[in-house]
Amino acid sequence: MKGDSWLGSLKTQYNLYLMIVPVVLGTLIFSYFPMYGVIVAFQNYNVIEGMFGSEFVGLKHFITFANDPYFFRILKNTFLLGLYSFLWGFWPPIVLALLLNELKMLRFKKVAQTISYLPHFISLVVIGGFVFELLSAYGVVNQFLVYLGFDKINFFTEPGWFRSIYISTTIWQGIGWGSIIYLAALTGVSPEQYESAVIDGASRFRQAIHITLPAIFPVIRIMMIFALSSILSVSFELVYLLYNPAIYATADVIATYVFRRGIQGLDFSFGAAVGLAQSVIAFVLLVIANWISNKTTGDGLW
Amino acid sequence: MVDPAQATEKQLAREHTSVHQESRVRHNESLYSKLFDILNVTFLTVFILSVLYPFVNAIAISLSQTTPIKKGLVHLVPIGLNFDAYKIVFSSFNIFNAYRNSIYYSVLGTLLILVVGCLAAYPLAQRNFRARKLLTVFLTIPMFFNGGMIPLLLLIRELNMLNTVWALVLPGAFGFWFIILIRTNFQALPDGLMESARMDGAHDWHILLRIVIPLSVPILVTVALFASVGIWNSFTPALLYLQDYDKMPITIVLRDIIANSRFQFESTFIPEPLSDTGSIESMRMATILLTLGPIVLVYPFIQRYFFKGQLVGSIKG
């Protein structure tokens, strides 16, 4: 590589440079330019003057946001939804991977695996449809409640149910697919380790503690960093599909608020400011999570 | 460090052979162990059934009469078999249009991803490419930072891409995850192949098109499947960027039928429920099944591509 100049490389490898033109252009336009575009959060953006002509107003929209009557509500909802999603949703894929790994009938294991990640490939709109159907007044859940002697519950008008519905739905969709990465780590464990443990007289339970769990610990750590840092980044789509004005009290999150105020309400600068605030906090969380990981386990993302 | 590409191959091979062999034999079969196995299988069976239930339930409801549905009697089998829901849904002009749109967006978006991906992955796979590191960093950063919903929307507006197909397919065409998948595969090809082709005087385009791509068909199929399913299922971009109802993909139409709403701008036709047969629930389920149909039908055949793809992608990532 010594002696290779950029100009020289440009001449001899010009085909390669040509090939990367689409991806570079595309990334510049659709990924990097919107990063610059957050500048509208600091402007009074209007469509006539555009991004480069609108008046600069500094932190005005951020202050407006902080004083917004719904400020605490959406922050609270976003945070709680993200936190509970993490607490309840982080470990089911791990458990599923461990259980699948213990199966002896390999045919059954394959079938179970295949079916478990089917929900990952269906649209959230469809999943929303399933949820409405199952939780409707005549749906299977209410029928079960009546059978047990309880009253029917209207799941979509009482705010208290939203979080449980949302989290259960994300678990249903993600548990199979999420287990793949742990299963991948588990198949990397050599059978000899188990055999020698058996010879040493280890029970199945001890095998699991001393061989299986350590094998997936690095994966768990990385996944946990990602999961913790995205607590605030609750996705727009599923909340939008499942919520309605009656339950905004618990269901309205930052992303949906940005949509209603910033896009439907055409208050672009305000929406951009809120979105930017969310990104910054998410980044800070990522850094903190990684720092904690480095301090406690000696390793992390970087 | 073990070469990740080789480790992946080993793991895949192990997975593959283990299907055809008995799993590791455990000699320490205590009572608790056997009990655990029984509970495990039971639990997983219940789990599988609960995953499948909504699908079977949807089929049943879509084929049932209204009264049993309202009474909550329909679970796994239709009661009062009738096809009226399907008749109404099919005769609604918009369904075919929406279907056509979804297919169009999916195919176009996938093609773009494949073309951009292969073009980008090839140089990245060349170890002597001067810009390799720089390019990798350049493409990795957007995975962690992005401008947000509104700057992107404003950009699309200012590019005059609102209400066009390009708003749906272009932003997603440059995702780094797909490029990584393809690049890993290109790198796993034997070096000698490209070397000897170069010595014969072939230039890079020729190598890429005539040698590398034909040898990479499995990974390209995988990428194509992921991409097309992702675009088919997408909802939010269409919600944000499209305005004409006849450009809507089927997910938006489905959303309208489920939420029993007219889309915020006027829509062409939301089916009116009949009194005794073909209730709105049936029509909802019928539309759900139409949206799901292509995916679920081919899923058993293609799921191994998804599995392997995620395996490779997650290890590399």
Side-chain angles (χ1 to χ4, degrees), chain A residues 4 6 9 13 15-16 19-20 22-23 26-27 30-35 37-38 40 50-51 99 102-104 106 110 112 114-116 118-119 121-126 128-130 132 134 138 140 143 180-181 184 187-188 191 194 198 203-204 236-237 258 262-263 268 271-272 275-276 279, chain B residues 11 14-15 19 23-24 26-28 30 33 40 44 48 51-52 54 70-72 116 119-120 122-123 126 129-130 135 139 142 145-155 158 170-171 173-174 203-205 229 233 235-236 251 254-255 258 284 288 291-292 295 299 303 307 310-311 314-315:
Chain A
D4 256 318
W6 278 99
S9 166
Q13 299 180 318
N15 274 323
L16 298 183
M19 285 182 191
I20 64 171
V23 77
T27 310
F30 294 106
S31 297
Y32 281 97
F33 188 73
M35 286 185 208
V38 297
V40 305
M51 248 181 245
L99 289 181
E102 293 292 319
L103 281 178
K104 293 178 181 171
L106 284 154
K110 273 287 168 187
T114 309
I115 294 182
S116 77
L118 177 61
F121 295 101
I122 64 181
S123 166
L124 282 177
V125 184
V126 169
F130 284 157
F132 288 136
L134 295 175
Y138 54 86
V140 83
Q143 286 209 296
I180 292 184
I181 190 171
T187 53
Y194 287 106
V198 162
S203 77
R204 207 158 150 194
F236 165 78
E237 193 159 309
V258 166
I263 298 182
F268 296 119
L276 179 60
S279 301
Chain B
Q11 272 162 309
R14 198 176 279 135
E15 265 286 311
V19 177
S23 69
R24 55 187 186 275
R26 296 191 185 83
H27 307 283
N28 255 358
S30 71
S33 181
N40 195 16
L44 287 174
I48 296 178
V51 169
L52 291 176
K70 291 284 191 219
K71 284 200 198 147
V116 171
L119 283 181
Y122 181 79
Q126 307 302 314
F129 183 43
R130 200 51 162 63
L135 185 61
L139 292 176
F145 301 101
N146 64 76
M149 227 195 268
I150 291 197
L152 188 58
L153 171 69
L154 295 178
L155 172 69
E158 293 198 8
L170 277 183
F174 307 99
H203 58 70
D204 285 306
W205 287 99
V229 169
N233 285 337
F235 169 78
T236 304
T251 44
L254 175 61
R255 167 65 179 174
I258 288 176
R284 284 186 185 141
I288 282 183
T291 313
L292 278 182
I295 298 177
Y299 181 73
Q303 58 86 20
F307 179 73
Q310 176 74 343
L311 217 54
S314 59
I315 291 173

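Side chains are part of it too, since the values below use all heavy atoms of this structure and drop only hydrogens, waters and symmetry mates. Just so it is clear: chains get the letters A, B, ... in the order the sequence lines come, proteins before strands, and each one is counted from 1.
- The residue among B:Leu153, B:Val116, B:Leu155 with the most heavy atom pairs within less than 4.5 Å of chain A is B:Leu155.
- Shortest non-hydrogen contact noted between A:Gly129 and B:Ile258 is CA-CD1, 3.4 Å.
- No other option in A:Val126, A:Val40, A:Val38, A:Leu134 has as many heavy-atom pairs under 4.5 Å with chain B as A:Val126.
- A 4.5 Å side-chain heavy-atom check between A:Thr27 and B:Leu139 finds at least one atom pair inside the cut-off.
- B:Tyr299 places no side-chain N or O within donor-acceptor distance of the main-chain N or O of A:Ile115, the cut-off being under 3.5 Å.
- Looking at B:Phe174 and A:Ser31, their side chains never come closer than 4.5 Å, going by heavy atoms from C-beta outward.
- Only the side chain of B:Val229 comes within less than 4.5 Å of a heavy atom of chain A; its backbone N, CA, C and O stay farther away.
- In this structure, chain A has a heavy atom under 4.5 Å from the side chain of B:Ile150, while its backbone stays farther away.
- Taking every heavy atom of both residues into account, A:Met19 and B:Pro123 meet most closely at CB-CG, 3.8 Å.
- Note that NZ of A:Lys104 is 4.5 Å distant from OG of B:Ser33, once rounded to the nearest 0.5 Å.
- Side-chain contact between A:Ser116 and B:Ile48 is absent, with no heavy atoms from C-beta onward closer than 4.5 Å.
- Looking at A:Pro22, the atoms closer than 4.5 Å to chain B (heavy atoms on both sides) sit in the backbone and in the side chain alike.
- Using a 4.5 Å cut-off between heavy atoms, A:Glu237 touches chain B through backbone and side chain atoms alike.
- Side-chain atoms of B:Leu135 and A:Ile20, non-hydrogen and from C-beta on, do get closer than 4.5 Å to each other.
- In plain terms, the two heavy atoms of B:Arg130 and A:Gln13 that are nearest each other are N-OE1, 3.5 Å.
- Side-chain contact check for B:Asn233 versus A:Leu124: every heavy-atom pair is 4.5 Å or farther apart.
- Of the atoms belonging to A:Phe268, heavy atoms from both backbone and side chain fall under 4.5 Å from chain B.
- Note that CG of B:Leu292 is 5.0 Å distant from CZ of A:Phe130, once rounded to the nearest 0.5 Å.
- In this structure, the portion of A:Phe33 lying under 4.5 Å from any heavy atom of chain B is its side chain and not its backbone.
- Looking only at side-chain heavy atoms (C-beta outward), A:Leu16 and B:Tyr122 come within less than 4.5 Å of each other.
- For chain A, the nearby part of B:Thr291 is the side chain; its heavy atoms alone come within less than 4.5 Å.
- Between atom CG of residue A:Leu118 and atom CD1 of residue B:Ile295 there is a gap of 9.0 Å, rounded to the nearest 0.5 Å.
- Side chain of B:Asp204 to backbone of A:Asn15: no donor-acceptor contact under 3.5 angstrom is found.
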